[in-house]
J.: 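Can you keep this structure in mind? I'll have questions shortly.
Each ligand, and each atom within it, is numbered from 1 in the order the structure gives.
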Amino acid sequence: MESAYIIDTHCHLYDEAFMEDRSLVIDRAKAAGVKRIYLPNIDGSSIDGMLELETDFPDFCYAMMGLHPCYVKEDFKQELKVMHKWLSIRNFSAIGEIGLDFFRDETFRAEQLEAFQLQLEWALEKDLPVVIHSRKSLQECIKMIKTIGKGGIRGIFHCFSGSVEEANAIIDLGMYLGIGGVVTYKNAGLPEVLHSIGLQNVVLETDAPYLAPVPFRGKRNEPAYTQLIATEIADSLQCSIEDIIQITCKNALQVFEPI
Ligand SMILES: [Zn+2]
Ligand SMILES: [Zn+2]
C-alpha cells in the first residue's frame with residue numbers, strides 16, 4: 001500500500017483567486033506533501049474550470065458534482081438539470097457541495113430543501129459520497145440525511161466548527177468531519193472538540209481560497225496550508241503530524257474510494 005499523504009478534501013482551486021498563479025499553487029501543494037485535491041462544485045458556471053483542472057492534473061485533482069446551497073435561486077431546477085446530465089455521462093468523486101445554508105439568507109429556504117433532497121437521492125442512486133455544506137442548519141441536514149438516506153448516505157460535513165454534541169451527531173450518522181483553518185482560530189473551540197471525539201472521523205480540508213489558517217487568516221487560503229492545519233491538530237492532540245496525515249488519509253480514501 002502506498003504510504004500516507006495529505007489529502008485536501010475540499011478546495012475551490014478553480015476559483016478566480018488562483019487565476020494568476022494556479023500552477024505555482026499546485027507546486028507548493030505538492031511540495032507540502034499534498035497528493036490529492038478534491039474539488040467541490042458550486043453551480044453551472046464553475047463546472048468548466050473544475051473539469052479543466054481535472055484534465056490538466058489527473059490523479060491529483062478530483063471533481064465533484066452538485067449545486068451549492070447558497071447558489072440555489074429561482075432557476076435551481078434548471079441548474080440541477082445540468083448537473084444531473086453531467087452525472088449521467090461520466091463518473092464523479094462525490095455529490096458536492098450540497099446542503100443547507102440559512103446563515104446568510106433564508107429567501108430560498110424551501111428551494112434549498114428541495115435541491116438538497118434531490119441531490120441526496122442522486123447520491124443514493126449512484127452510490128456516491130456526499131460533501132455537505134451546513135450553516136445554521138445542522139439539525140435540518142441531519143434530519144434529511146436520516147429520512148432520505150435511511151442509513152445509506154456516506155460522506156463529509158465540510159468545514160465543521162460546531163460543538164462536541166454536534167460532532168457526535170454527525171459521527172452517529174457514520175459520516176466524517178472536514179477540519180480546516182478554523183481549527184487554528186482562537187476561541188473556535190475546535191481543539192477541545194477533537195480531544196473529545198478523536199480522529200476516527202476526521203478529514204483535512206482547506207476550503208481554499210476561503211478560511212486560511214493562522215498566520216494567514218484573512219488572506220487567500222491554498223492547499224499547501226493543509227500542513228498548518230495538520231500541525232495544529234497534532235499539537236492540540238499531542239501526537240505527531242505523521243499520525244494526523246496517516247489517519248486523515250485513510251479516512252478520506254474510505255469516503256471517496258471505499259474498498
Ligand atoms: Zn462550503
Ligand atoms: Zn466549499
J.: I need the Glu222 CD to Ile37 CD1 distance, nearest 0.5 Å.
T.: 9.5 Å
J.: Verify the neighbour count for atom OH of Tyr71: are there more than 12 heavy atoms of other residues, nucleotides or ligands below 6.0 Å?
T.: no
J.: For the Zn ion (ligand 1), which N, O or S atom of Glu97 is at the shortest distance?
T.: OE1
J.: Any idea which N/O/S atom from His10 gets closest to the Zn ion (ligand 2)?
T.: NE2
J.: Look at His158 and state whether any of its N, O or S atoms is less than 2.8 Å from the Zn ion (ligand 1).
T.: yes
J.: Taking the Zn ion (ligand 2) as the reference point, name the nearest N/O/S atom of His12.
T.: NE2
J.: Assess whether side-chain contact (heavy atoms from CB on, under 4.5 Å) is satisfied between Phe160 and Leu190, documenting all intermediate values.
T.: CA-CA 9 Å; Phe160 180 79; Leu190 262 186; 3.9 Å; yes
J.: Roughly how far, to the nearest 0.5 Å, is the CD1 atom of Ile244 from the SG atom of Cys249?
T.: 13.0 Å
J.: With a cut-off of 2.8 Å, does His68 put an N/O/S atom close enough to the Zn ion (ligand 2)?
T.: no
J.: Which atom, counting only N, O or S, brings His133 closest to the Zn ion (ligand 1)?
T.: ND1
J.: Is the positively charged end of Arg36 above the ring of Tyr38, judged by distance under 6.0 angstrom from the centroid and angle within 45° of the axis?
T.: no
J.: Out of the N/O/S atoms in Asp207, what is the name of the one closest to the Zn ion (ligand 2)?
T.: OD1
J.: To the nearest 0.5 angstrom, please state how far the CG atom of Leu13 sits from the CZ atom of Arg22.
T.: 6.0 Å
